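Per chain, numbering begins at 1; letters A, B, ... match sequence-line order. Here the structure is a predicted model, which is why all the values come from computation and not from measurement. Below, each value reflects all heavy atoms present in this structure, side chains not excepted, and no hydrogens, waters or symmetry copies.
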Amino acid sequence: MNSKKLVLVDGNSIAFRAFFAMHNVLEKFKNADGLHTNAIYAFNNMLDLILSKSKPTDMLVAFDAGKTTFRTKMYADYKGNRPHTPSEFSEQLPCIKELLTARGIKSYELANYEADDIIGTMARTAQKQGYQVVVVTGDRDLTQLVTDQITVAVTIKGVSDLEFYTPEHFQEKLGITPEQLIDLKALMGDNSDNYPGVTKVGEKTGLKLLKQYGSLENLYANLDMMKPSKLKEHLQSDQEQAFLSKKLATIDTAAPVQLDLADLAYAGDQEEQLIPLYRKLNFRSFLDKMKVPFDPNHMESQQQINYQILDATTLPDLIETTTPVSVVVEMIEDNYHTAPIIGLAFASSEQVWVSDDAGLLADASFKQWLQDAAKAKYVFDFKRDYVALHRYGAILDGVLFDVLLGSYLLDVNDNSNDLGSLAQTYGYSGLLPDIEFYGKGARKAVPQSAQLLEHLASKAAAIRYLQTKLPEQLRQHDQDQLFEEIELPLAQVLADMEIDGVRVDPTILYKMQNQLGERLQQLQNDIYQQAGKEFNINSSQQLSKILFEDLGLKPLKKTKTGYSTSVEVLEKLRDQAPIVADILNYRQVAKIQSTYVGGLLNSIAPDGRVHTRYLQTLTQTGRLSSVDPNLQNIPARLDEGRKIRQAFVPKQADWEIFSSDYSQIELRVLAHLSGDQNMQQAFKENYDIHAHTAMRIFGLDDIAEVTPNMRRKAKATNFGIVYGISDYGLAKNIGISRTEAAQFIQSYFDQYPDVKKYMDQMVQLARENGYVETIMHRRRYLPDIHARNFNLRSFAERTAMNTPIQGSAADIIKIAMINMQKQLRQRDLKARMLLQVHDELIFEAPEDEIPILEKLVPQIMDSAVQLDVPLKVSSAHGKSWYDAKG
DNA sequence: GCGCTCACG
DNA sequence: ACGTACGTGAGCGCC
């Protein structure tokens with residue numbers, strides 16, 4: 001045994017994964033020549049990781065030579081189902097090879113052979129010479145090479161998250177030896193390489209057979225003795241295929257590789273090649289690591305920012321500036337309804353001003369400037385700044401660009417919501433993320449003034465920098481309208497709603513608190529008595545001890561930490577012990593008491609109103625979310641909880657709560673997007689869509705024949721369709737067998753054939769583009785659509801189907817909100833829009849305006865966009881939110 | 001800070 | 001064969 005360590009990298013597989021791991025930044029990673037660099041970048045990251053972790057003495061990156069290999073000669077369809085390689089990827093391959101040379105790493109390819117075979121051959125050769133070998137790949141097939149000396153690292157997610165297969169790990173994971181992996185592949189085939197194996201044999205059956213028979217050969221030698229079964233028949237009829245698959249799955253460890261181990265010595269970075277290459281590729285961060293400047297002529301690229309203190313003498317300079325100014329309103333707490341402003345910063349094209357004195361906001365000329373719509377401004381998070389300044393008596397207007405909103409539209413995934421991190425991803429490294437500057441948790445603190453001012457100055461500069469980058473990218477994504485006409489105006493509308501808040505009557509909540517408290521006491525006593533002892537009912541751990549150990553009930557479902565005690569489980573156990581019903585009841589009441597009664601009481605502001613914050617840049621679909629408190633999940637389904645809504649009341653006694661909601665907006669969006677004539681007709685004729693669906697999938701002639709149960713199932717199926725259906729999910733939801741559910745889905749697609757086409761099309765689109773879009777071009781990237789892991793991939797596929805539907809519905813209500821706010825102003829109505837709950841808008845209004853709203857709100861909502869089917873809106877009003885129900 | 005449970009559309 | 005419905009937030013227990 002010698003001290004040599006050889007790392008063998010599966011070049012194509014890692015490069016391809018690198019490409020998709022960073023697919024969401026594909027257009028961001030482009031150099032001056034228009035060459036995409038995302039795969040090169042991620043590949044180089046992986047190299048750094050391997051080099052520092054494994055410290056190889058020798059290294060080789062193997063590539064596939066071309067489409068035809070000895071395997072395609074054996075089996076013409078080998079890898080025949082691979083989609084066309086995107087050109088954005090292929091263009092990067094030569095550069096990856098150039099990069100390898102510059103990093104002192106040998107690369108190699110061999111006509112008629114795959115990278116696998118080169119790796120297999122070199123791994124075995126090196127092993128004989130006593131080398132330690134590490135193979136890095138995205139393909140689990142290579143684990144067949146694993147021995148005591150050969151470790152195979154397979155990518156889990158991206159390219160830097162690796163799972164290391166040693167003989168022990170392999171055994172643990174699959175329960176067979178690495179050599180037996182070939183036989184397993186022979187039996188189960190390989191979808192991605194497009195060879196068949198034995199019909200109906202997958203991993204489970206394959207492993208069982210191998211554990212029993214040891215090898216493919218032995219299995220077939222003893223096949224006659226197997227008792228008759230479908231499996232046996234398949235094994236018999238597919239024998240030839242199985243042995244062909246075995247040949248295809250076997251890595252050639254004696255390929256005619258013209259390489260000597262001595263050629264593979266890792267030479268280290270060749271700086272005279274590497275530095276110009278990094279510069280050509282725009283790889284600042286890698287140059288930084290080498291302590292080499294990106295631009296040799298400008299060593300001082302990260303110079304400190306010169307700023308002036310904003311005070312009575314410098315204020316006129318700011319106010320007289322004619323160029324756009326970036327604005328920073330600094331608060332360190334999240335909740336901008338209450339957080340003090342600890343600093344202000346402004347940057348024009350020539351000058352930066354900062355202050356840690358919010359008292360400046362008392363200055364009339366300053367306020368005038370902030371409010372002047374003709375003074376162009378750029379910000380990071382308009383809504384936050386607007387609400388905070390409003391508390392200080394200042395109005396912010398003239399905002400042309402919001403960096404946070406822009407970055408959210410470009411990539412909903414990248415939601416760090418931090419200016420420093422955002423600036424960094426766009427190549428501006430002069431600003432620390434807030435979490436690093438201020439610290440977090442208990443260590444969070446405001447540094448001394450000079451540092452703070454410096455930080456604020458950098459923020460103002462970073463906003464200006466991003467403003468030069470993001471708008472162009474929004475245009476490239478065709479998202480300028482989405483930004484300018486929807487998200488930015490909506491931020492203003494939401495700010496108004498949040499500032500207004502909604503009145504919540506504490507006396508009603510106190511009354512409930514007392515009543516619920518008594519009920520909880522009663523239930524608690526009953527439960528303790530039946531359990532024979534006292535315990536914390538809120539602890540699922542203690543509860544599961546009582547139920548499944550002391551009382552001997554049968555656990556039906558496990559969680560990561562123990563037995564589940566969820567509603568789903570408890571409902572099934574309800575009849576077996578009376579304690580179960582009491583626990584369910586207790587849970588329900590306890591939830592209302594702690595989350596809603598207590599939670600709401602805690603969040604009533606001194607003005608008697610509750611001011612939520614809508615997060616506009618959080619969800620992956622374009623919906624809003626609501627926090628501190630969440631007013632989008634106030635109980636509605638059961639009357640017991642719904643009573644909470646009695647506490648949501650209008651500002652005055654002679655006012656009312658008015659509510660309008662879209663009926664089945666998501667299904668209507670689906671009918672529009674899919675173009676399905678049957679579904680469109682149902683909406684155009686204003687049929688009961690769930691009953692109509694029931695009639696169709698149950699093959700009835702008349703809607704009158706539809707029973708309530710049929711309608712219930714059809715309704716669940718409609719929901720399932722919107723979520724990206726699976727037979728398993730549907731079966732679980734409506735309590736039927738999987739086969740039945742599968743038949744349901746089949747007849748659903750027979751009845752709505754274009755819906756099926758739409759679903760397939762969305763998945764296809766996600767595969768080709770890497771993302772899906774809503775009607776307003778809101779975009780969501782789905783890198784996992786290419787995952788080898790079934791779960792990750794399936795999830796991405798369902799997301800591809802669901803996001804355009806949920807997201808387009810979100811687009812629609814956002815447009816309606818903007819139009820609605822405009823109408824309320826134009827008509828000089830006293831009515832105020834208070835809340836949005838995804839497909840519902842809630843207002844407070846004087847009684848005499850209710851008839852106006854009853855016409856106006858539905859009209860605005862159903863005309864927000866023009867779809868191929870009508871949008872339907874229902875309204876209601878009453879003395880509280882509880883009473884505003886149809 | 002994470003997992004569980006449960007509230008909403 | 002695999003094992004889940006899509007999108008959220010909050011309170012609690014536990015460590």
Between A:R637 and B:dA7, does any side-chain N or O lie under 4.0 Å from OP1 or OP2? no
At under 4.0 Å between heavy atoms, what does A:F795 touch on the DNA or RNA strands: base, sugar-phosphate, or nothing? sugar-phosphate
When the P atoms of C:dA5 and B:dT5 are considered, how many whole Å apart are they? 13 Å
Dot-bracket, DNA chain C: Watson-Crick or G-U, under 3.5 angstrom, [ ] crossing, | other strand? .....|||||||||.
To the nearest 0.5 Å, what is the distance between OH (A:Y728) and OG (A:S794)? 13.0 Å
Which part of the nucleic acid does A:T803 contact within heavy-atom distance under 4.0 Å: base, sugar-phosphate only, or nothing? nothing
Can you classify the ring geometry of A:H611 versus A:H337 as parallel (below 30°), tilted (30 to 60°) or perpendicular (above 60°)? tilted
Spacing of CD belonging to A:Q542 relative to CD belonging to A:E534, to within rounding of 0.5 Å: 11.5 Å
With no hydrogens and no angle check, is any side-chain donor or acceptor of A:Q616 less than 3.5 Å from a backbone partner on A:E487? yes
Could you tell me the boundaries of the chain A footprint on DNA chain C, defined by atoms under 4.0 Å from its heavy atoms? C:dA1 to C:dC14
Which part of the nucleic acid, if any, lies within contact of A:N733, taking any heavy atom under 4.0 Å across all strands shown: a base, the sugar-phosphate backbone alone, or nothing? base
Would you say A:K814's side chain and A:G622's backbone share a donor-acceptor pair under 3.5 angstrom? yes
So, applying side-chain contact (heavy atoms from CB on, under 4.5 Å) with A:R587, which one of A:L523, A:L543, A:I537, A:N538 is it? A:L543
Rounded to the nearest 0.5 Å, how far does CZ of A:R645 lie from OG of A:S880? 10.0 Å
Look at all strands and tell whether A:I634 reaches a base, only sugar-phosphate, or nothing, counting heavy atoms closer than 4.0 Å. sugar-phosphate
N-O pairing of A:K545 and A:D550 below 4.0 Å: no
Test item: side-chain donor near acceptor, A:Y882 and A:D639, under 3.5 Å: yes
Answer yes or no: does a side-chain N or O of A:R587 lie under 4.0 Å from OP1 or OP2 of B:dC4? no
Expressed as a whole number of Å, how far does the P atom of C:dC2 sit from that of B:dC6? 29 Å
Would you mind classifying the nucleic acid contact of A:S794 as base, sugar-phosphate or nothing, using non-hydrogen atoms under 4.0 angstrom? nothing
